[in-house]
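Reading through the structure tokens given below for one structure.
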Amino acid sequence: MAKRFKAAIIGGSGYGGAEMARRLLMHPDVELVRVASIDHVGEPLGAVHPNLDGATDLVFEDLAPAEAARGCDVALLALPHKVTAAKVPELIAAGVKIVDMSGDFRLRDAATYETFYGAKHPHPELLGSFVYGLPELHRAELKRAKYVASPGCFATAMELALLPLARAGLLDHATVHVTGITGSSGSGIAPGAGTHHPSRAGNLKTYKPLEHQHVPEVVQTLGDAGAKAVQLRFVPVSAPLTRGIFATCFVELPAEVDAGRLAAMFDESYAREPFTRRPKKRLPEVVAVAGSNFIEVGFAAGPVDGGKRTVTCFSAIDNLIKGRAGQAIQNMNLVLGCDERASLEDVGNWP
């Protein structure tokens with residue numbers, strides 16, 4: 001039986017491209033017809049991504065974006081920041097729907113983009129034309145969208161940990177402190193000093209403290225959810241994991257915000273969400289979601305001190321799936337009118 005839609009991946013030689021290809025190959029409604037990359041041209045996908053060996057006859061092709069997307073309903077972009085921004089106008093002119101995993105169209109302000117990405121945006125007139133792809137906040141807009149900017153991995157973890165507080169008006173003029181721990185696959189497929197096994201295994205180290213590029217998109221998203229003038233202080237930490245992110249968010253709230261009120265807020269926000277869950281008898285764990293599109297969220301309420309209490313919100317995701325390719329597929333499903341859960345319902349491994 002023929003599938004209803006056709007998709008191309010542009011920039012598919014990295015880990016995000018591998019995960020998108022895997023999900024598309026088992027998708028009931030979408031056929032992966034082309035994978036474009038300037039790397040490994042002519043090689044089968046399985047030669048670069050061993051888990052796809054024998055799963056498809058597709059090979060990597062060196063194609064211009066419009067040619068890669070020819071005859072397709074949607075183009076899924078797994079290109080680096082700054083490269084994507086230069087390629088998108090060609091895809092827009094081709095009339096194809098776009099789901100982008102880079103950071104080039106997440107922000108609406110060109111000056112903020114320049115500050116955090118270190119370059120002027122080549123097409124500032126397109127900022128704001130992409131719907132930010134956080135389904136838990138923008139599902140209705142995504143169903144009408146033609147262009148989607150999928151969130152960053154750290155951003156997804158922080159936003160979903162804090163979204164119930166933003167919706168309740170508890171983050172107005174608040175300062176949130178966050179530590180986010182991430183696995184090595186978040187650094188991409190190309191080897192580097194920061195991902196070399198001898199320096200990564202058994203080690204914890206920070207990078208880009210208080211200046212990570214996901215900070216402004218989190219602030220923008222919490223603002224969209226109702227938080228007024230929220231500030232974010234974020235310290236990322238690289239850990240000896242292959243996959244996974246664990247975020248811990250600290251904020252001082254009024255004493256009346258106790259565990260019962262927090263539980264009601266989280267459950268109201270997420271009770272009907274297909275991929276966001278709050279474990280009732282434990283706190284979030286990376287191993288419970290690794291390999292899946294699920295995110296776990298939770299919280300702890302500290303003692304009252306001076307009329308305030310410290311509330312800590314937690315989240316755990318797989319950085320390559322809910323934090324990257326899986327969420328892109330979830331957004332694609334919404335854009336195309338497919339079942340939002342299609343090809344994403346599998347749970348992770350245990351242990």
Side-chain angles (χ1 to χ4, degrees), residues 1-12 16-36 45 49 51-52 55-56 58 65 68-79 84 88 91-92 94-102 105-106 129-151 153 156 159-160 270-277 289 291-295 317-318 320-348:
M1 183 176 177
K3 297 187 178 184
R4 292 190 294 154
F5 302 103
K6 296 183 184 299
I9 296 174
I10 300 176
E19 185 61 40
M20 281 203 296
R22 183 172 81 90
R23 300 280 166 177
L24 288 171
L25 289 170
M26 61 185 180
H27 201 289
D29 298 311
V30 181
E31 177 187 2
L32 177 60
V33 298
R34 211 168 287 120
V35 181
L45 268 62
H49 306 311
N51 62 321
L52 302 181
T56 176
L58 290 171
R70 177 177 48 82
C72 291
D73 299 283
V74 62
L76 297 143
L77 308 188
L79 296 165
T84 300
V88 156
L91 290 167
I92 290 175
V96 68
K97 294 182 178 180
I98 299 168
V99 179
D100 174 30
M101 292 198 299
S102 84
F105 294 95
R106 295 172 189 158
S129 64
F130 281 60
V131 174
Y132 188 72
L134 192 71
E136 292 82 357
L137 181 62
H138 294 305
R139 183 171 284 106
E141 296 93 327
L142 289 165
K143 288 180 178 180
R144 301 188 299 268
K146 193 166 184 180
Y147 313 126
V148 177
S150 270
C153 52
T156 298
E159 288 160 2
L160 293 179
Y270 298 133
R272 292 169 295 281
E273 287 296 335
F275 297 110
T276 306
R277 65 192 187 207
V289 296
S292 81
N293 195 55
F294 289 88
I295 177 170
I317 63 170
D318 184 306
L320 288 178
I321 307 183
K322 183 59 172 172
R324 189 159 171 79
Q327 186 153 244
I329 297 293
Q330 188 178 354
N331 285 320
M332 179 201 74
N333 287 340
L334 290 166
V335 167
L336 295 178
C338 300
D339 183 336
E340 183 177 342
R341 302 163 295 176
S343 82
L344 297 170
E345 292 185 276
D346 55 306
V347 296

Q.
Can you confirm whether I329 sits close enough to S343 that some side-chain heavy atom of one is under 4.5 Å from a side-chain heavy atom of the other?
A. yes
(Q) Are the side chains of V74 and L336 in contact, using a 4.5 Å heavy-atom criterion? (A) yes
Q: Could you check whether the rings of Y132 and H138 sit parallel, tilted or perpendicular, using 30° and 60° as the cut-offs?
A: perpendicular
(Q) Contact between R70 and R34 at the side-chain level, heavy atoms closer than 4.5 Å - yes or no? (A) yes
Q: Report the distance from atom CD1 of I10 to atom OG1 of T84, rounding to the nearest 0.5 Å.
A: 9.5 Å
Q | Closest approach of L142 to G133 (non-hydrogen atoms, all atoms of both residues) | A | CD2-CA, 3.9 Å
Q: For residues F294 and V347, determine if any side-chain heavy atom of one lies less than 4.5 Å from a side-chain heavy atom of the other.
A: yes
**Q.** Sidechain-backbone polar pair: H49 side chain, G12 backbone, donor-acceptor under 3.5 Å
**A.** yes
Q. Which value, rounded to the nearest 0.5 Å, describes the distance between L91 atom CG and I98 atom CD1?
A. 5.0 Å
Q. Does a salt bridge link R139 with E340, judged by any charged N lying under 4.0 Å from a carboxylate O?
A. yes
Q) Just checking, any donor-acceptor pair under 3.5 angstrom between side chains of Q327 and N293? A) no
Q.
Determine whether a donor-acceptor pair (N or O, by modelled atom type, separation under 3.5 Å) exists between the side chain of D318 and the backbone of G291.
A. yes
Q) Would you call D29 and K3 a salt bridge, taking side-chain N to carboxylate O under 4.0 Å as the test? A) no
Q) Hey, what do you get for CG (L32) to CE (M26), rounding to the nearest 0.5 Å? A) 12.5 Å
**Q.** Within-4.5 Å side-chain heavy-atom neighbours: L24 and E31
**A.** no
Q) So, for D73 and F5, which heavy atoms are closest and what is the spacing to 0.1 Å? A) OD2-CA, 3.2 Å
Q.
Quick check: do S102 and L77 have side-chain heavy atoms less than 4.5 Å from each other?
A. no
Q. What distance separates F275 CZ from I295 CD1, expressed to the nearest 0.5 Å?
A. 12.5 Å
(Q) Whether E136 and K322 form a salt bridge (side-chain N of Lys/Arg under 4.0 Å from carboxylate O of Asp/Glu) is what I want to check. (A) yes
Q: Mark yes or no for whether R106, through its side chain, and S150, through its backbone, hold a donor-acceptor pair below 3.5 Å.
A: yes
Q. Out of H27, K143, R341, which residue meets the side-chain hydrogen bond (donor to acceptor under 3.5 Å, both in side chains) rule with N333?
A. H27
Q. How about D346 and S292: do any of their side-chain heavy atoms sit closer than 4.5 Å?
A. no
Q) Atom CG in L334, atom CD in E141: separation rounded to 0.5 Å? A) 11.0 Å
**Q.** Contact check, side chains of L134 and E159, non-hydrogen atoms, under 4.5 Å
**A.** yes
